[in-house]
Protein chains: 2
Amino acid sequence: MVSIATWNINSVRLRADQVVRFLSEQGPDVLCLQEIKCAEHLFPHEVFEAAGYTHRVVHGQKGYHGVATVSRIPLREFGRHDWQDNGEARHVGVELLGPGQGLVLENVYIPAGGDIPDREQNVKFGQKLDFLERMARWADKLDRPTLIVGDFNIAPLECDVYDHKALLKVVSHTPIEIEALYRFRDAHGWVDLGRKHIPAPERNWTWWSYRTYWQEKDRGRRLDHMWASPELATQSVSHRFVEETRRWEQPSDHVPLITEFAL
Amino acid sequence: MVSIATWNINSVRLRADQVVRFLSEQGPDVLCLQEIKCAEHLFPHEVFEAAGYTHRVVHGQKGYHGVATVSRIPLREFGRHDWQDNGEARHVGVELLGPGQGLVLENVYIPAGGDIPDREQNVKFGQKLDFLERMARWADKLDRPTLIVGDFNIAPLECDVYDHKALLKVVSHTPIEIEALYRFRDAHGWVDLGRKHIPAPERNWTWWSYRTYWQEKDRGRRLDHMWASPELATQSVSHRFVEETRRWEQPSDHVPLITEFAL
DNA sequence: GCATGCTCAG
DNA sequence: CTGAGCATGC
C-alpha cells in the first residue's frame with residue numbers, strides 16, 4: 001500500500017511545523033507541496049529529514065510559487081516543465097523507486113488566473129488557459145502509470161463551489177476553464193480521484209479564502225486535485241481530504257488530500 | 001508606596017502579551033512605554049484594561065517612536081512636547097491623581113542619533129544633541145516633584161557600557177552626549193535613580209543589541225533612565241531592572257526599570 | 001486576509 | 001537582528 005498526499009502549503013518555511021504535524025498524524029508515504037514560496041536553498045530540509053522524509057525533490061523560486069515532493073520511500077526526479085516558458089516553478093515530476101516502483105507522480109501548481117475571466121482584458125487568465133492546454137498536450141503523451149496532483153485552481157462541478165450560479169463568472173469556476181480541464185481529462189481518460197471516491201454532490205472542498213473564512217458562512221471550493229491514469233485509477237482504494245488543518249493556528253488556505261493505492 | 005516602571009517595548013502591539021506578563025509579575029502602579037510604534041487608535045487598550053491598567057495616556061504615531069503611560073492609579077495628561085518640532089511622538093507627561101498625588105511623570109524617548117558622532121556629517125546626531133539641549137532648558141523650569149523616565153539612548157558612565165574605551169566613539173557613549181546629559185542634570189539637580197540605588201561600578205545595563213545578543217559575549221549598555229527632582233529623589237526607596245525579560249521569546253531589546261517611592 | 005521581499009530605522 | 005509599512009500576488 002502506498003499513500004500519496006498533496007497540499008498547497010502557502011509558504012513551507014512559515015508552516016514547516018504544520019507539515020510535520022500533518023505527516024506524523026496522517027503518515028502519507030509521499031507529500032507533494034505547492035506554493036512553497038522559497039528558493040531551493042531556503043527549503044527546510046532538516047525538518048523533513050528529522051521527520052523521516054529523507055527523499056526530496058524541490059523546484060523552488062524566490063518569493064512566489066514553487067513545488068516540492070518529499071517522501072519516505074525512495075524516488076528520483078523525473079523532470080520539470082515550464083509550460084509558460086517564463087521561469088516560474090510550477091511543476092516537478094518524480095518516479096517512485098521502492099514500494100510503488102514505476103509510478104510517476106507529477107506535482108503541479110496551475111496559475112490562479114487573475115480576477116477577470118477574459119483573456120482580452122486579463123493576460124493572466126489567458127496564461128492560465130494556455131498553461132492548461134500545454135499541460136493537456138503533454139499529459140496526453142504520458143505512457144506510464146501516472147498520478148497528476150496539485151493545486152489546479154479550478155473547481156469543475158457545481159458541487160465543487162459553495163454557490164454554482166454566483167461563481168459562474170468567477171475565475172476558478174467559469175465554463176471556459178472547466179472545458180479546458182475536461183479537454184485535459186478526455187484526451188487520455190484521466191480519472192478524478194476526488195470524485196471517484198467522494199461522488200457528487202457530496203462536498204469535498206479543499207480551499208477557503210482567507211478573506212471570508214472568519215465569517216459565519218461556509219464558502220469553500222474544490223481547487224486541489226488528484227488525477228490518475230486509467231489503469232492506476234483502478235488501484236486507488238481510499239481518498240480523503242483533511243479539512244481540520246484549515247482550523248489550525250495560522251493555517252494555509254488550502255487543505256491536504258490523501259489517496260491510498262494498492263501497490 | 002507608589003511604584004513606577006519604564007520600558008522601551010519596541011512595538012506594543014507585537015508584545016502586548018509580554019507587557020501583561022510583566023505587569024502581573026512585577027505589579028508596578030504605573031508603566032511608561034517607549035517605541036510603541038503605532039498610532040493612538042491602534043494601541044491595544046483592551047489588553048491593558050483587562051489587566052487593570054484603566055488609566056492611559058497615549059502619544060503615538062504611525063510606524064515609529066511613540067510613547068504611552070498606563071496606570072492602575074488615576075492620572076491625567078499634563079502635556080506633550082515636540083522639542084524637534086517635526087511631529088515625532090517622543091514625549092508625554094502625566095500627573096498622578098490618586099496615591100502619589102501631585103507627582104509629575106515625564107515619559108521621554110530621546111532620538112538614537114544615527115551612526116556617526118558628528119553633527120556635520122550626520123544630521124541625526126545634531127538632532128539628538130539639540131533635543132537634549134531643549135529638554136534640559138524645559139526641565140530646568142519644572143517646579144513640581146517630577147520624575148523623568150525613558151529611553152535616553154545615552155550610557156553616561158564607564159560601567160554603563162561593556163567596553164568604555166571601545167565605545168568612546170560610538171553614539172550613546174561619546175563625551176559630547178554625556179556632557180549634554182550632565183548639563184541637563186546640573187541645571188536642576190536631577191538625580192540618576194539607577195545610580196542612586198545601584199552605585200557604580202555595579203552593572204545595570206538595560207539594552208542589548210539584537211545584532212550581537214546571540215553571540216556569547218555579554219555586551220549591554222545602560223540606555224534607559226529614571227531621573228528624579230531633588231526632593232522626590234529622597235523618597236525613592238528601591239530600584240531594580242528586570243533583566244530576565246531580555247531572555248523571553250521574541251523580546252524587546254530593552255528591559256524594564258522599576259522604582260518604588262514612599263509616597 | 002495573508003503570504004514575500006523591499007526599504008527604512010534602531 | 002528585528003520592528004513597521006509598502007507593493008504585489010493570490
Side-chain angles (χ1 to χ4, degrees), chain A residues 8-16 18 33-39 42 60-66 88-90 109-116 122-125 127-128 151-154 170-172 207-215 219 221 223-224 246 248-254, chain B residues 8-16 18 33-39 42 60-66 88-90 109-115 122-125 127-128 151-154 170-172 206-215 219 221 223-224 246 248-254:
Chain A
N8 178 320
I9 194 61
N10 190 16
S11 174
V12 70
R13 285 178 294 173
L14 203 65
R15 278 183 261 277
Q18 294 188 46
L33 294 165
Q34 301 88 40
E35 280 206 85
I36 62 172
K37 286 190 173 174
C38 64
L42 294 173
Q61 73 178 78
K62 195 208 273 193
Y64 300 103
H65 323 309
E88 292 182 351
R90 294 182 171 276
Y109 175 45
I110 294 180
D115 287 330
I116 304 168
N122 169 16
V123 290
K124 293 187 178 182
F125 192 70
Q127 288 168 341
K128 181 179 193 173
D151 177 2
F152 277 50
N153 273 311
I154 300 176
V170 172
V171 174
S172 75
W207 177 86
W208 289 259
S209 168
Y210 285 122
R211 291 177 234 194
T212 54
Y213 188 73
W214 57 276
Q215 296 173 2
R219 302 183 151 188
R221 308 183 204 173
L223 301 181
D224 300 271
R246 189 63 179 81
W248 290 356
E249 286 279 302
Q250 276 219 320
S252 168
D253 45 351
H254 294 254
Chain B
N8 178 319
I9 193 61
N10 190 17
S11 174
V12 70
R13 283 178 294 172
L14 204 64
R15 278 183 263 277
Q18 294 188 45
L33 294 165
Q34 301 87 40
E35 280 207 86
I36 61 172
K37 287 190 172 175
C38 63
L42 293 173
Q61 73 178 79
K62 194 208 273 194
Y64 300 104
H65 322 310
E88 291 181 353
R90 294 182 172 276
Y109 175 46
I110 294 180
D115 287 331
N122 169 16
V123 290
K124 292 186 179 183
F125 191 70
Q127 288 168 342
K128 181 180 192 173
D151 177 1
F152 278 51
N153 273 312
I154 300 176
V170 171
V171 174
S172 73
T206 66
W207 177 84
W208 289 258
S209 168
Y210 286 122
R211 290 176 234 196
T212 54
Y213 190 72
W214 57 275
Q215 294 172 3
R219 303 184 150 188
R221 308 182 203 172
L223 302 181
D224 300 271
R246 189 63 177 83
W248 291 356
E249 286 279 303
Q250 276 218 322
S252 169
D253 45 351
H254 295 254

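Reminder, nothing fancy here: chain letters follow the sequence lines and each chain counts from 1.
Regarding B/Asp224, its CG atom lies at a distance of 15 Å from the P atom of C/dG10, rounded to whole Å. We find that CH2 of B/Trp208 is positioned 17 Å from C1' of C/dG10, with the value rounded to whole Å. Between the CG atom of B/Asn8 and the C1' atom of D/dG3 there is a distance of 11 Å, rounded to whole Å. In this structure, B/Phe125 places its CZ atom 14 Å from P of C/dG10, rounding to the nearest Å. The CD1 atom of B/Ile9 sits 12 Å away from the P atom of D/dA4 (whole-angstrom rounding). Atom pair B/Leu14:CG and C/dA9:C1' shows a separation of 16 Å (rounding to whole Å applied). Note: CH2 (B/Trp207) to P (D/dT2) measures 13 Å, nearest angstrom.
Shown here are the side chain to side chain contact (heavy atoms under 4.5 Å, CB included) partners of A/Arg246, two or more places apart in sequence or in another chain: A/Trp208, A/Tyr210, A/Tyr213, A/Pro251, A/Asp253, A/Val255. Residues passing the side chain to side chain contact (heavy atoms under 4.5 Å, CB included) test with A/Ala89 are A/His59, A/Gln61, sequence neighbours excluded. In terms of the side-chain hydrogen bond (donor to acceptor under 3.5 Å, both in side chains) criterion, residue partners of A/Ser172 (sequence neighbours excluded) are, by chain and number, A/Arg221. With sequence neighbours left out, B/Asn122 forms a side chain to side chain contact (heavy atoms under 4.5 Å, CB included) with B/Ile116, B/Lys124, B/Phe125. Residues passing the salt bridge (charged side-chain N to carboxylate O under 4.0 Å, His left out) test with B/Arg15: none are found, sequence neighbours excluded.
Nearest nucleotide to the A/Trp214 side chain, out of D/dA4, C/dG1, D/dC1: C/dG1.
For B/Gln250, a side-chain nitrogen or oxygen approaches OP1 or OP2 of D/dG3 to under 4.0 Å. Close to D/dC1, at under 4.0 Å from its OP1 or OP2, lies no side-chain N or O of B/Thr212.
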### Task
Treat primed atoms plus P, OP1 and OP2 as sugar-phosphate and everything else as base, then score nucleotides 5-10 of chain D 5' to 3': B for base contact with protein heavy atoms under 4.0 Å, S for sugar-phosphate contact only, - for none.
SS-BSB
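Between the side chains of A/Tyr109 and A/Glu35, at least one donor-acceptor pair of N or O atoms lies under 3.5 Å.
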